[in-house]
Amino acid sequence: MTYASSFLSTLDARGFIHQITDPAALDAAAADGVVTAYVGYDCTAPSLHIGNLVSIMMLRHLQQTGHKPIVLMGGGTTKVGDPSFRSDDRPLLDDERIEANKASIRRIFERFLTFGDGPSDAIMVDNDAWLSKLEYIPFLRNIGRHFSVNRMLSFDSVKLRMDRDQSLSFLEFNYMIMQAYDYLELNRRFGCVLQMGGSDQWGNIVNGTDLIRRADARDAFGLTTPLITRADGAKMGKTAAGAVWLHEDSLPGFDYWQFWRNTHDADVARFMRLFTDLPLGEIETLTSADINHAKAVLATEATALCRGREAADAAAATAAATFAGGAGDDLPSFAVVGPVTILDALVGLGFAASKGEARRLVAGGGARIDGEAIADEAAMARPGARISAGKKRHGVLVSG
RNA sequence: GGAGGGGUGGCCGAGCGGUCAAUGGCAGCAGACUGUAAAUCUGCCGGGUUCGCCCUACGUUGGUUCAAAUCCAACCCCCUCCA
């Protein structure tokens, strides 16, 4: 369908929409006034990763089209653990850990959203504020009565565990109730009428809109994004090195930039629409001209959003210098005292997991010092040397 | 509850007393070709190594044997069929 509101038409044109509970009504609400919407994030790690980026961008578009984003931190729910589509229990984290993760994650959002007190300023709230204060009996009477266990058992997320005869603790079983309750709380406290999330959250989101209707007789909406995969079918954001983290402490800017630079041809236009602010017309122009150059633009723009323009330009400059044969400022470095063997340098820079692997790299002709291929594993490298493993991984030895 | 089948390296999946660090496929890494892409071809692909070997690994724990991923016992977990 075509949307009247700039919010939904933007999301639609850029490929964010998978399902909406009542598209026409939500569109009307968004065209009519300020819509307050939220996305929930858990605090199991100190950083979010690429998989969360779609919903973060959605909140950004929400704000830029005049609406109000709420970032809900699952400080309370993290103490329970989402059993959805997981085969194993998640480890439970202690309060201290959760607090530290929350603080760290907030810094990411500050890059994408404007926080404050204005009508369309973003706010961040923690569901621990209400979840940990709940009283059991009142909760059961007021909220519990709206949930049918029969129906909860029919959700795929629960059925999966039941069918496998895997234990699903009562604690975890309550997760979906808490998420629905979060939505109700946000609706009451902030007039939040839209919950967004990945397509795997559809069931949980619908639970929330149902609860709001039953408990307070009000309408609320849900919107999910498609699962973003790469053109070759692989799940996005997994590299050999692990998850692609948004936080600079977990993944250096240069590596973040490189992740985007190495996007498959077929994904460039789609990723530009999803993960940059570039206007659609410009994306069209860029990707139909020189696809390889377009990737560099994608990398720089995506990095600028997440890490700042300066970090993006630095990464781009380092990449340009490095791939031209020089060395940029932003390369990974390894501090050494005096010369070390090529093997130690490779392991120290994280290019090889063990000396054996480093040996194989040298034997296979993949190791270079200052651009010179090294065939001898006993070769020494001095501080200041540029070490390369293959064509893409580069680092420098620094004195220290 | 009864009867079968199975748990092997990141994943899938062979092996079923020594020649097994374990065929093959996928993923990954490197080389060639390119565009820091894809496809294709080639090599590598548990750890250490003085390159002789050594260590750790085939669900868990014991046992048989000169020798076990392979045989036996117990236990744990998964799957299928019957009730």
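Convention: sequence-line order gives letters A, B, ...; per-chain numbering from 1. Computed from a predicted model, the values in this text were never measured in an experiment.
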Below 3.5 Å between N/O atoms, which protein atoms pair up with nucleotides 43-46 of chain B? Just atom names and distances, please.
none

Each nucleotide N or O in nucleotides 20-24 of chain B that has a protein N or O under 3.5 Å away: list the pair and distance.
none

Polar-atom pairs under 3.5 Å, protein N or O versus N or O of nucleotides 33-36 of chain B: list them with distances, or write none.
| unit_1 | atom_1 | unit_2 | atom_2 | d |
| --- | --- | --- | --- | --- |
| rC33(B) | N4 | K391(A) | NZ | 3.4 |
| rU34(B) | O4 | K391(A) | NZ | 2.4 |
| rG35(B) | O6 | D265(A) | OD2 | 3.3 |
| rG35(B) | N1 | D265(A) | OD1 | 3.3 |
| rG35(B) | N1 | D265(A) | OD2 | 2.8 |
| rG35(B) | N2 | D265(A) | OD1 | 2.7 |
| rG35(B) | N2 | K295(A) | NZ | 2.8 |
| rU36(B) | O2' | N262(A) | OD1 | 2.4 |
| rU36(B) | O2 | Q258(A) | OE1 | 2.7 |
| rU36(B) | N3 | Q258(A) | OE1 | 3.4 |
| rU36(B) | N3 | Q258(A) | NE2 | 3.2 |

Please tabulate the protein-to-nucleotide N/O contacts below 3.5 Å involving nucleotides 49-56 of chain B, giving atom names and distances.
| unit_1 | atom_1 | unit_2 | atom_2 | d |
| --- | --- | --- | --- | --- |
| rU49(B) | OP2 | R359(A) | NH1 | 3.3 |

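Evaluation of the salt bridge (charged side-chain N to carboxylate O under 4.0 Å, His left out) test over residues 347-367 of chain A, restricted to residues two or more places apart or in two chains, returns D344(A)-K355(A), R359(A)-E377(A). Applying the salt bridge (charged side-chain N to carboxylate O under 4.0 Å, His left out) test to every pair with at least one member in residues 108-122 of chain A, sequence neighbours left out, gives these pairs: R106(A)-E110(A), R111(A)-E248(A). Residues in residues 269-298 of chain A take part in these salt bridge (charged side-chain N to carboxylate O under 4.0 Å, His left out) pairs, two or more places apart or across chains: R60(A)-D277(A), D265(A)-K295(A), D267(A)-R270(A).
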Donor-acceptor pairs under 3.5 Å, side chain of residues 391-400 of chain A to any protein atom, not counting sequence neighbours: which ones?
| unit_1 | atom_1 | unit_2 | atom_2 | d |
| --- | --- | --- | --- | --- |
| R393(A) | NH1 | F351(A) | O | 3.2 |
| H394(A) | ND1 | R386(A) | NH1 | 3.4 |
| H394(A) | ND1 | S388(A) | OG | 2.8 |
| H394(A) | NE2 | K391(A) | O | 2.7 |

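Here A379(A) pairs with I342(A), I374(A) under the side chain to side chain contact (heavy atoms under 4.5 Å, CB included) rule; sequence neighbours left out. With sequence neighbours excluded, the residues that form a side chain to side chain donor-acceptor pair (under 3.5 Å) with R107(A) are H247(A).
Between D210(A) and R151(A), at least one side-chain nitrogen of the basic residue sits less than 4.0 Å from a carboxylate oxygen of the acidic one, meeting the salt-bridge criterion.
Taking syn as a glycosidic angle within 90° of 0, rG13(B) does not qualify and is anti.
Taking a pair as Watson-Crick or G-U with both hydrogen-bonding distances under 3.5 Å, the stems of three or more pairs touching RNA chain B are B:1-7 with B:76-82, B:10-12 with B:24-26, B:28-32 with B:40-44, B:46-48 with B:53-55, B:59-63 with B:71-75.
V347(A) belongs to no hydrophobic cluster with other residues, because no ILVMFWY side-chain heavy atom falls under 4.5 Å from its own, directly or through intermediates.
Residues Y183(A) and Y38(A) bring their aromatic ring centres within 6.0 Å. Side-chain rings of H61(A) and F7(A) stay apart, their centers remaining 6.0 Å or farther from each other.
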